[in-house]
Amino acid sequence: MLEIFSKWKANLTSADVPDQAEEGELPQHIAIIMDGNGRWAKKKGLPRIAGHREGMKVVTKIVRTASNIGIEVLTLYAFSTENWKRPKKEVDYLLGLPERYLSAELPKLIENNVQVRLIGTTENLPDHTLRAVEKAIKDTKHNTGMILNFALNYGSRFEMLEAMKSVGRKIESGELKADFITEEHIQTHLMTSKLKDPDLLIRTSGEIRLSNFMLWQLAYSEFWFTDVLWPDFKEQDFMEAIAVYQKRKRRYGGV
Ligand code: V07
C-alpha cells in the first residue's frame, strides 16, 4: 500500500505529469459493486443478513483506506432498484444499514473531511433511511475531501430514462432541437452530472457483469473482478486492484 501511495506522490511531482489519471497515477474515481454477502453467509451457515452486517464493516475499512490514500471519489453500489424483489425481512435489514453505518461513522467522516452524496431515487425509501442519509449529506456538504457516493435505490436504465425525459422536455419547450442533442446534454441530466466518470470498477464475488450499474459512466473505465466475496475483501485486495489499474495504464502509456 505504501509503495503505491509513494508512486502516486512521486508522479504528481514528476516532470511529465499526465492530465488525468494516467500512467501510474491513482484512479481518481473508483466504483465498487459489493457482491457476495449472501453467499458468504450461506457458506458459513448464517442468515443472509449476517453477510450484510459483515459487508458493512468492510465498507467502513475501505472508505477509510480510500480517503487516506487520496482517492477523490468512491462510489459504492449499496442497494439496487432490483433489490426490492428480495424477501421483506432482508430488504428491511438492508435499509437499516445506512443509519447504522452513519451513526457509527459520520463523526469520523466529518473529521476526515469526507463528503457524503447519494445517487438513486429517494422514492420508496423509508423515512428513517432517508432522514439519516440526508443528515449526513447536509453535515458533510462543505467538506472538501473525498466524495463518498452511495448508490442507494439506484438503477442505471432508470437514471438514463429520466435523463432522456428531461432532454425530451427541453425539446418540447423549444429550448433544444433534436439534432443538436450532444453527449453533454445526456450527461448533465444523469445523477452523476457533477462527477468525473469512474476510472476503475471493482466487482467482488466472481460475477462478470454490470447489473444495471453506471452503464453510461463506465463506458471507458478499467474493470477489475475478483472471486473474493465482499465480506472477505481486504485493504490488500483494494490496493491490488489499484496496482493492476496502474500497471495497465503504464502499459498503454508505453504504446
Ligand atoms: C449496505 C453493506 C455493504 C455490502 C453491500 C450490501 C449491504 C453501507 C450503506 C450505506 C448507504 C448509504 C449511506 C451510508 C451507508 C449501506 C445498504 C446496504 C442498503 F448514506 N453499507 N450498506 N446501505 N450493505
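In this chain, residues are counted from 1 in sequence order. Atoms within a ligand are numbered from 1 in the order they appear, just like the ligands themselves.
A search for ring pair (Phe, Tyr, Trp, His ring centres under 6.0 Å) contacts involving Trp230 returns Phe233, not counting sequence neighbours.
With hydrogens and angles disregarded, no donor-acceptor distance shorter than 3.5 Å links the side chain of Asn37 to the backbone of Arg48. Asn153 places no side-chain N or O within donor-acceptor distance of the main-chain N or O of Gly120, the cut-off being under 3.5 Å. Judged by distance alone, the side chain of Asn212 and the main-chain N or O of Arg157 form a donor-acceptor pair under 3.5 Å.
Evaluation of the ring-ring contact (aromatic ring centres under 6.0 Å, His included) test over residues 88-108, restricted to residues two or more places apart or in two chains, returns Tyr101-Phe150. For residues 204-213, the salt bridge (charged side-chain N to carboxylate O under 4.0 Å, His left out) pairs, not counting sequence neighbours, are Arg39-Glu207, Glu207-Arg209.
Listed by chain and residue number, the protein contacts of ligand 1 are Met34, Asn37, His52, Gly55, Met56, Val59, Ala78, Phe79, Leu94, Leu97, Pro98, Tyr101, Leu102, Val133, Phe150, Leu152, Trp230 (heavy atom within 4.0 angstrom).
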